[in-house]
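Heads up: the structure comes next, in structure tokens.
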Amino acid sequence: QVQLVQSGPEVKKPGASVRVSCKTSGFTFTNFGISWVRQAPGQGLEWMGWISGYNSKTTYKEKFQDRITLTTDTSTTTVYMELRSLTSDDTAMYYCARDIRSWTEDHWGQGTLVTVSS
Amino acid sequence: DIQMTQSPSSLSASVGDRVTITCRPSQSMSASLNWFQQRPGKAPKLLIYDASTLQSGVPSRFSGSGSGTDFTLTISSLQPEDFATYYCQQRDNFGGGTTVEIK
């Protein structure tokens, strides 16, 4: 079955970077893209970016353009999300999700809580 | 940026009620309009895509309709497991969410 398993919680200081992994299984990795969505505590969903499993092409939300990088490792079918220059506003649950088609996420990871605190 | 306006932001309903949630994008886009359900502490779950196509495994009491700048999610007969928050999405934009609570 389709699974996306994310890395564990992170605590970072302001100004630091965080890297979250999303290990996928149960489907042909190169046939799909992976999106990243975050959710601040008690808030709604915010789409961050997308990467193709086929050719690693990326699309980023403009507000994250300068400090987010998505990468893939096709040998382990894992996607990585790096977010730099963290502030307390980046404290959130971060989700990876498989795209069954453009802008439509059908399977989600369990989420990774990133806490930014001095 | 496209704004996705959901209404209401919350509602109280009873088991068996018919519930309707509206999503209005600030402009019309040629992209799938999706609906997600999120229970507390869980990841979102895709319910409907392309405005009206039911995702595999989703109960038929959920339905979607609409086009352009006016979309609707309907739950025909609310069940206990449907008490959750619902989000619409189009491209890289999510609505603010509608929380369905027990009356």
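Throughout, a chain's letter reflects where its sequence line sits, starting with A, and its residues are numbered from 1. Values below: every heavy atom of this structure, side chains too, minus hydrogens, waters and symmetry copies. This one's a predicted model, so the numbers in the text were calculated from it and none came from an experiment.
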Item checked: Which atoms of B/Asn34 approach chain A - backbone, side chain, both or neither, heavy atom under 4.5 Å ->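 Interface part for B/Asn34: side chain.
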Check: Is it the backbone or the side chain of B/Gln38 that comes under 4.5 Å from a heavy atom of chain A, or both, or neither?
Finding: side chain
Check whether any side-chain heavy atom of [X] lies under 4.5 Å from a side-chain heavy atom of [Y], and answer yes or no.
X	Y	value
B/Asp1	A/Glu62	no
B/Tyr86	B/Leu73	yes
A/Tyr95	A/Ser35	no

Next item on the list: Answer yes when A/Arg38 and A/Asp90 have at least one side-chain N-carboxylate O distance shorter than 4.0 Å, and no when they do not.
Entry: yes
Check: Got a salt bridge between A/Glu82 and A/Arg84, using NZ or NE/NH1/NH2 to carboxylate O under 4.0 Å?
Finding: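 So A/Glu82 pairs with A/Arg84 through a salt bridge.
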Margin query: Would B/Asp82 and B/Arg61 count as a salt bridge (charged side-chain N to carboxylate O under 4.0 Å, His left out) here? Give the steps.
Written below: CA-CA 10 Å; B/Asp82 300 337; B/Arg61 63 180 179 272; 2.8 Å; yes
Check: So which bits of residues 7-27 of chain A come within less than 4.5 Å of chain B, counting non-hydrogen atoms only?
Finding: none
Check: Would A/Trp47 and A/Phe64 count as a close aromatic pair, with their ring centres under 6.0 Å?
Finding: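 Centroid separation for A/Trp47 and A/Phe64: 6.0 Å or greater.
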Item checked: Between B/Lys45, B/Gln89, B/Gln90, the one whose heavy-atom pairs under 4.5 Å with chain A are most numerous -> B/Gln89
Checklist line | Winner by heavy-atom pair count (cut-off under 4.5 Å) against chain A, out of B/Pro44, B/Ala43, B/Pro40, B/Ala31 | finding: B/Pro44
Check: Pick one: which of A/Ile51, A/Thr58, A/Asn55 meets side chain to side chain contact (heavy atoms under 4.5 Å, CB included) with A/Thr72?
Finding: A/Ile51
Margin query: Taking side chain as everything from C-beta outward and backbone as N, CA, C, O, which of these in A/Gln43 sits under 4.5 Å from a heavy atom of chain B? Side chain, backbone, both or neither.
Written below: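 It is the backbone, since no side chain atom gets that close.
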Check: If you tally heavy-atom pairs under 4.5 Å against chain B, which of A/Glu46, A/Glu105, A/Met93, A/Met48 wins?
Finding: A/Glu105
Check: With a cut-off of 6.0 Å (strictly less than), are more than 12 heavy atoms of other residues, nucleotides or ligands near CD of B/Glu81?
Finding: yes
